[in-house]
Structure formats: structure tokens, C-alpha cells
S.K.: 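Here's a structure for you.
Computed from heavy atoms alone, side chains included, the values below leave out hydrogens, waters and symmetry copies. Just so we're on the same page: letters track the sequence lines, and every chain starts at 1.
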2 protein chains.
Amino acid sequence: MRLKQAFDGEEGGETKRRLLAAAINVFAEQGYNAATLREITSAAGVNIAAVNYHFGSKQALMRAVFHRLARPVNELRLKLLDEYEEQAGGRPLSLEQILDALFRPIVFLSRERKTGGFALVRLIIQVRALPQPFMNSVLSEQFDPVASRIVDALCRSLPHLTREEVFWRYDFALGAMLHVISDADRGLRRLHRLSGGLCDTDDPARITDELIRFVVAGMRGPGQDQTSRKAGEERDAANTRAVT
Amino acid sequence: MRLKQAFDGEEGGETKRRLLAAAINVFAEQGYNAATLREITSAAGVNIAAVNYHFGSKQALMRAVFHRLARPVNELRLKLLDEYEEQAGGRPLSLEQILDALFRPIVFLSRERKTGGFALVRLIIQVRALPQPFMNSVLSEQFDPVASRIVDALCRSLPHLTREEVFWRYDFALGAMLHVISDADRGLRRLHRLSGGLCDTDDPARITDELIRFVVAGMRGPGQDQTSRKAGEERDAANTRAVT
DNA sequence: TTAACTTTCAAACATGCGTTTGAAACAGGC
DNA sequence: GCCTGTTTCAAACGCATGTTTGAAAGTTAA
């Protein structure tokens, strides 16, 4: 067997590795459209033709970046779920445990530039904001399994809610998390600024703490069939006053 | 007085108006970086030199777009707050009223392509995901006043929370909303797909209903000093088991 | 009608992009 | 050492972009 083949694994050789690492950073900072291959290859210290040689195209490089970053995070989340399920011995997981698996890996990693967590979060937010059709399959492949697993666990943990309601709340929870961690990643740091410095958006433990408290309460809030009729009527009247 | 000067207002002449309208659509669909002036001018049926003549640059055009879109929405939100405050006659607004002002204009408008609500939401999400420094001032100018007003109202409505906690929860609520409305705007329609069609992400009333119910519960959840010591200890132990 | 200003236009500028090409360098096995 | 395949390289390709330019067309007031 050739030594080169033994060394070639998922990460490829030195050039491929450096290229991937540089792409992670540049795509995260600039976004796909504004990132240029010349900038990436310059940061990697390799020749621009290497992109086509090792990855085939800019698009393929972006997909490789995403695959590289998302897999470890989601493996970790699934692993946390596994551990909690083993502890639970067949009973439903607690809501806190589920949210821990949903949030903590991402929130903490979003503060980790070395491991790529920072970049992953940036990229998730970016592809969500501006879809790239060529990314659809890698996103589904990486994120759908863990989403389904979490929703299933939530349904068992929150029997007062319909499955539909759980899906809505899952989406809200995800949005709340992505929103707060994306805020800290930007020059403006809006929440920190708006709050006059009260909110320390650099502290993942603080973020997780506040986030879980909010989401736990939101998740445990009543479902539609438990909301009072009076509140429902007031809301209908408010909706009748059209936005114009 | 020249007739041209009378006609020139904020909207400018026909060419400027068409250019702005086309830019709204193209920027929203493509994002700032991928949108080209040739595409915009082609859609507007004007010459490419008109961009520089009427707006000065691509960046300035983008700022003008944002200014054009954000102002009516925020005026509406402030107006809703005014009305609710007038009704309240000096007492704190109910949480539902505050959230109505926070969410409903944007959620409903996000379904309105004609009024630009759709485009505005898309643009907000995009500039958040990938900051453009040249947009910072227009964003602050347009959104900070209403944010501060809402946080103030929330503080009065939720006296069990510190001002810091209110800011966190405001941010989570905003994130939840932006996340769910951005989902429906994209080819994949993830929530609809993941939920096997259960969640109708085209229905603004449904979105608002579920969103408000979740956020009301989340906002009313206990603050940090009301959370049980046992839950806190369990969380500390979980944090000690490091992510890797 | 003329003059002054405004607006629009086609063409060009200056630069840049992702991709390709063919040769050189490298690596490894026989 | 030779051969084969792999990898890297500089240059080029084919095309695109935002901005500028100078002239033409349009508008308006005197």
C-alpha cells in the first residue's frame, strides 16, 4: 500500500488541510459570496489551482467546509442525548437535559475559534439568511437527524403539547439561540450595546443560563387548548384591527 | 419654484423610484454581495449609470433601500405602542400588548411582498448574518429607538425580572420571531418539511399565535433569583462535564 | 429661442473573479 | 534509474463587476 494513500484520509494532505482550514475562516468572516478563492488560497499559503484540484470548485469547497464543521457538533449532541437516555433508563428525558443537548454544544463552541465552532455558527446563520441551493443536501444530512431526535424527546417530555406545537417551539428555541450567539459575533454587538453593557454576550455560561431559563418556561407554557378563552377573544379583536 | 423640485421628494423621479423598487427586490433575493447593479438596473428598466447619478454608489443604494423599508414598519410599531399606552392610561402595558407591537407588524408584513415587508425581513436577517459596516448607522437609527421603548415597557410589565434579564429575553424573543419567519421564505421551508407539513409557516396568524404563547410563557418564567437551588446545582454539574 | 441645469445614455475603464491549462516538480514502486 | 501517477505552479482564459466619462437628450425659466 502506498504511504500517500495511508495518509490520505478525510483530511487529505497538507495542502488540502490548509485550504480547508483557511476556507473555514474566510467563508465564516466574509460569507460565501464575498469570500474569494484568492483570499482563501493566500491565507492557506497554497496556489489557487489547488482549489480545483482538491475540491473541484468553490461550491464544493464550501460543502466540504460545512461537512467538516457540522459533523463533530452533531455527533456530540447525539452523544449527549444518548447519555441522558441511558441515565433515564427508558423514562422521558427532562426538559433541561434535552435543552442542554440542544444548546450547550453550540453555544460553547460558538466561542471557540480553534475548534471551528465559531465558524460553524456563522455559517449556519449565513446560509439560513441567504440560501444557497447547492448547500441544501449537506444541511439536511447534517442537521435533520438531530432535530428529529430532539423533537421526539420534547414530545415525550411535554405531553400537554401537540406534536405540531412542539415543532413550533423547537424552531423558536433554535432561533432564540442562533440570534443571541450571532449577536456577539459582530462588530456592533447589539445586545451588549443596547443593554448598556448589562448583557455579557461573551460568556457562554451566562448565555446558556438565561437561554435555558427562558426556553424551559416557554416550552412549559400552555398549549393552544389550554389558553383561556378570554385571552383568545382579545387576540382576535386585536387581529381584526388590521395592520393596514 | 421649479416643478421638478416640487416633484422631487424623498422618492425622487420615476427613474429613482423604479431603481429603488428593483433594488428592494434584488437585494432581498440575492443579498447585497451577490446582487449586481446590472441586474437591478435591468429589472428597473434604467441605465446603469443612474445608480451613481441618483444614489452615488451600490452601498448608498442599499442604505436607501433599508431606510425606505424600515421606517414605515417601525413607525407602525411605535404607533401601536402609543395606542396601547393611551388605553392603559399610565399603567403598565400587558405583556400581550407589548409582544403584539413587537411581533405582529413584522410577521404580517413578512408575508406581504407588495409593501416590502417581505424584503425588509429578508434584509434584516441578511445584514444580521453578515454584517456590512456601511449599514451600521442606518440600522441603529431605525431599530434602536423601538427596541429601547419595548424593553422599557417589558421592564414595567415584568417586575420580577432585572433589566438585564429583560434584555436577554427581548433578544431571544426577537430571534425566535426572525428565525421562524425567515424559514418560510426559503426554498427548503425547513420547519414545514421537518414537521411533515404540520406547521403552516405561510399563515401569519398561526405564527403569531404560537410565537406569542411561547414568548409570553418564557417572559413570565422565573428570573435567576427565583430558580430553585436544586436545579442550579444540577446545571453546574452538567457544565463541569466539559463539552469534550 | 436660448441658456443653464438636470438626467440619461453607451461605451469604456480598471479591476477582479472562478476556472482552466500545460509544464514542472514531486512521490513512490519496481 | 525509470516510469507512472500525483500535486503544484504561473499564466492565461473567459467573463463579470462597480464606477466613470463625455456626449446627447430632456427640462425649465427668462
S.K.: Answer yes or no on whether B:Lys58 is positioned over the face of B:Phe27, meaning its NZ or CZ is under 6.0 Å from the six-membered ring centre and within 45° of the axis.
M.R.: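 Cation-pi check for B:Lys58 and B:Phe27: fails.
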S.K.: Should A:Arg206 and A:Glu210 count as an ion pair when the cut-off is N to O under 4.0 Å?
M.R.: yes
S.K.: Rounded to whole Å, how long is the line connecting atom CZ of B:Phe55 with atom P of C:dT8?
M.R.: 11 Å
S.K.: Just the rounded figure in Å: distance from C1' of C:dA23 to OH of A:Tyr53.
M.R.: 15 Å
S.K.: Can you check side chain to side chain contact (heavy atoms under 4.5 Å, CB included) on A:Asp82 and A:Arg149, steps first, answer last?
M.R.: CA-CA 10 Å; A:Asp82 287 343; A:Arg149 179 102 178 256; 2.5 Å; yes
S.K.: Would you mind classifying the nucleic acid contact of A:Ala35 as base, sugar-phosphate or nothing, using non-hydrogen atoms under 4.0 angstrom?
M.R.: sugar-phosphate
S.K.: Go nucleotide by nucleotide along DNA chain C from the 5' end; which of A:Val51 and B:Gly45 gets its closest nucleotide reached first?
M.R.: B:Gly45
S.K.: In this structure, how many angstroms lie between the P atom of D:dT7 and the NE2 atom of A:His54, rounded?
M.R.: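 Taking NE2 of A:His54 and P of D:dT7, I get 6 Å after rounding.
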S.K.: Considering only C:dT20, D:dT19, C:dT19, which nucleotide approaches the side chain of B:Ser57 most closely?
M.R.: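 Ranking C:dT20, D:dT19, C:dT19 by closest atom to the B:Ser57 side chain puts D:dT19 first.
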S.K.: Name the residue from B:Val73, B:Leu174, B:Val138, B:Ile124 that meets the side-chain contact (heavy atoms from CB on, under 4.5 Å) definition with B:Phe143.
M.R.: B:Ile124
S.K.: Nearest whole angstrom, please: distance from the P of C:dT6 to the CG of B:Asn47.
M.R.: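 Atom CG in B:Asn47 sits about 19 Å away from atom P in C:dT6.
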S.K.: How many whole angstroms separate atom CG of A:Asn52 from atom P of D:dG14?
M.R.: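 Those two atoms, CG and P, are 16 Å apart.
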S.K.: Heavy-atom distance under 4.5 Å between the side chains of A:Thr201 and B:Asp171, does that happen here?
M.R.: no
S.K.: Distance criterion of 3.5 Å, no angle test: do you see the side chain of A:Arg38 paired donor-to-acceptor with the base of C:dG16?
M.R.: no
S.K.: CD1 of B:Ile48 versus P of C:dC13: gap in Å, rounded?
M.R.: 16 Å
S.K.: According to a strict under-4.0 Å criterion, is B:Thr15 in side-chain N/O contact with OP1 or OP2 of C:dT7?
M.R.: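 So the side chain of B:Thr15 is outside the cut-off, no N or O lying under 4.0 Å from OP1 or OP2 of C:dT7.
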S.K.: What's the CG-C1' distance between B:Leu37 and C:dC9, to the nearest Å?
M.R.: 16 Å
S.K.: Report which part of the nucleic acid A:Ala50 touches: base, sugar-phosphate, or nothing (heavy-atom distance under 4.0 Å, all strands).
M.R.: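 It contacts nothing in the nucleic acid.
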S.K.: Roughly how many Å is it from NZ in A:Lys16 to P in D:dT8, rounded to a whole number?
M.R.: 11 Å
